[in-house]
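Nothing fancy with the numbering, it's 1 onward along the sequence. On a predicted model such as this, the values are computed, not experimentally measured, just so you know. Atoms within a ligand are numbered from 1 in the order they appear, just like the ligands themselves.
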Amino acid sequence: MKLIAGPCSIESCEQLRQVVQELGASVDYVRGGVWKPRSRPGGFEGHGEEALQWVEAMKQEFPQARFCTEVATPQHVELCLKHGIDALWIGSRTTGNPFSVGELCQALRGCRMPIGVKNPMMPDAGLWLGAIERVQQAGVGEVAAIHRGFSPYRSTPYRNEPLWEIPIELRRLRPDLPLLCDPSHIAGRRDLVSALAQVALDLDMDGLMLEVHPQPTQALTDSAQQLTPAEFFALLATLRPRQEAHPTELTLLRQQIDQVDSQLIALLADRLAISQKIARVKADHNMAVYQPRRWEEVLRQKLLLAQQAGLDPDFIKEIYGKIHAESVRVQLEQ
Ligand code: PEP
Ligand code: MN
């Protein structure tokens, strides 16, 4: 599992040194924001190039440690290259803008650094994938997707809604792409981070980006969600990594599911074969293919059966809507 951890923002050389001393040897990359995208003006916006100088100093002191930070403009990329940053990521606000991603790609062209692409703020797997493709086309090093949740419209326990179906969709579209999770920005609160990290592992994600600060309560940005180094190590100790070998019980249950599925498919084929016969009878008697009253009756019966079987009526209604639509389509083709 890939691990990236460190403060939301690099606040001082001493803060960074403390982080590297405590985490440097246990993570693939120490993270730290150098330019911070803030919603409102007037807050701490990062130390910029000065923070990159602190990173350089830490690279001298700790030659094994590797560092990554967020870039949002071509100038950020140039400065990171100048100061020897090891990896970069594109933040959520930038991923959503193809113009900005295009400009970053110009600056990144041909540099062999690993690049992470956080999901855009809006729940759009295509937009996320588009940014990833643009970055890959720039000929950089390994590109990874980072799931950090989506701006919530309604109030939720999370700062950003996880909407796990979106990273699952990305994985379906691009199974070759490493997919990491940033539970800190999803959670927005440190007490929710570890459960989210476990979900990410249960979904077979390839790693985690976590915000860790020597004194989270004093942090200049994202104070509520950052973990202390001790909390970070406690989280790692409680995470249950996914098992490669499945328990026998699961294998047996999956065999049963596969059997039921083949019966379902065979039954659907039988049902459609009957529909075709019905189409011929209707044609012979000059009857319309779609008979609304018959359909209402079919649905009513199915909902009754569903209720007796303890099935959700909305679920059965949706499935039967699809089955009926296919039956009508097949009959019209006759
Ligand atoms: C961050 O990682 O500090 C950050 C600002 O992330 P995001 O782009 O996911 O909001
Ligand atoms: Mn942050």
How many angstroms lie between atom CD of Glu11 and atom CG of Leu220, to the nearest 0.5 angstrom? 3.5 Å
Sub-6.0 Å ring centroid separation between Trp35 and His47: no
When you pair each N or O of ligand 1 with protein N or O atoms, which pairs come out under 3.5 Å?
{"from": "ligand 1", "atom 1": "2 (O)", "to": "Arg31", "atom 2": "NH1", "distance (Å)": "2.7"}
{"from": "ligand 1", "atom 1": "2 (O)", "to": "Arg31", "atom 2": "NH2", "distance (Å)": "3.4"}
{"from": "ligand 1", "atom 1": "2 (O)", "to": "Lys118", "atom 2": "NZ", "distance (Å)": "2.8"}
{"from": "ligand 1", "atom 1": "3 (O)", "to": "Arg31", "atom 2": "NH2", "distance (Å)": "2.8"}
{"from": "ligand 1", "atom 1": "3 (O)", "to": "Lys36", "atom 2": "NZ", "distance (Å)": "2.8"}
{"from": "ligand 1", "atom 1": "3 (O)", "to": "His185", "atom 2": "NE2", "distance (Å)": "3.3"}
{"from": "ligand 1", "atom 1": "3 (O)", "to": "Glu211", "atom 2": "OE2", "distance (Å)": "3.4"}
{"from": "ligand 1", "atom 1": "6 (O)", "to": "Lys118", "atom 2": "NZ", "distance (Å)": "2.9"}
{"from": "ligand 1", "atom 1": "8 (O)", "to": "Ser92", "atom 2": "N", "distance (Å)": "2.8"}
{"from": "ligand 1", "atom 1": "9 (O)", "to": "Lys118", "atom 2": "NZ", "distance (Å)": "2.9"}
{"from": "ligand 1", "atom 1": "9 (O)", "to": "Arg148", "atom 2": "NE", "distance (Å)": "2.6"}
{"from": "ligand 1", "atom 1": "10 (O)", "to": "Arg93", "atom 2": "NH1", "distance (Å)": "2.9"}
{"from": "ligand 1", "atom 1": "10 (O)", "to": "Arg148", "atom 2": "NH2", "distance (Å)": "2.8"}

For a 4.5 angstrom cut-off between non-hydrogen side-chain atoms, does Asp124 reach Phe150? no
For residues 224-241, dump all side-chain donor-acceptor pairs below 3.5 Å to protein atoms at least two apart in sequence or in another chain.
{"from": "Gln225", "atom 1": "OE1", "to": "Arg159", "atom 2": "NH1", "distance (Å)": "2.7"}
{"from": "Gln225", "atom 1": "NE2", "to": "His185", "atom 2": "NE2", "distance (Å)": "3.3"}
{"from": "Gln225", "atom 1": "NE2", "to": "Glu211", "atom 2": "OE1", "distance (Å)": "2.7"}
{"from": "Gln225", "atom 1": "NE2", "to": "Asp222", "atom 2": "OD2", "distance (Å)": "3.1"}
{"from": "Gln226", "atom 1": "OE1", "to": "Cys8", "atom 2": "N", "distance (Å)": "3.0"}
{"from": "Gln226", "atom 1": "NE2", "to": "Thr221", "atom 2": "O", "distance (Å)": "2.9"}
{"from": "Thr228", "atom 1": "OG1", "to": "Glu231", "atom 2": "N", "distance (Å)": "3.0"}
{"from": "Thr228", "atom 1": "OG1", "to": "Glu231", "atom 2": "OE1", "distance (Å)": "3.4"}
{"from": "Glu231", "atom 1": "OE1", "to": "Thr228", "atom 2": "N", "distance (Å)": "2.8"}
{"from": "Thr238", "atom 1": "OG1", "to": "Ala234", "atom 2": "O", "distance (Å)": "3.3"}
{"from": "Thr238", "atom 1": "OG1", "to": "Leu235", "atom 2": "O", "distance (Å)": "3.0"}

Under 2.8 Å from the Mn ion (ligand 2), which protein N/O/S atoms are there? Cys8 SG, His185 NE2, Glu211 OE2, Asp222 OD2
Return the orientation label for the Trp295 and His324 ring planes: parallel under 30°, perpendicular over 60°, tilted otherwise. parallel
Minimum side-chain heavy-atom gap Ile4-Val27 below 4.5 Å: no
With sequence neighbours excluded, what pairs up with Gln291 under the side chain to side chain contact (heavy atoms under 4.5 Å, CB included) test? Lys282, Met287, Ala288, Arg294
If you define the side chain from C-beta out and look only at heavy atoms, does anything of Val117 sit under 4.5 Å from Trp89? no
Check Asp86 with Lys59, please: is the shortest side-chain N to carboxylate O separation under 4.0 Å? yes
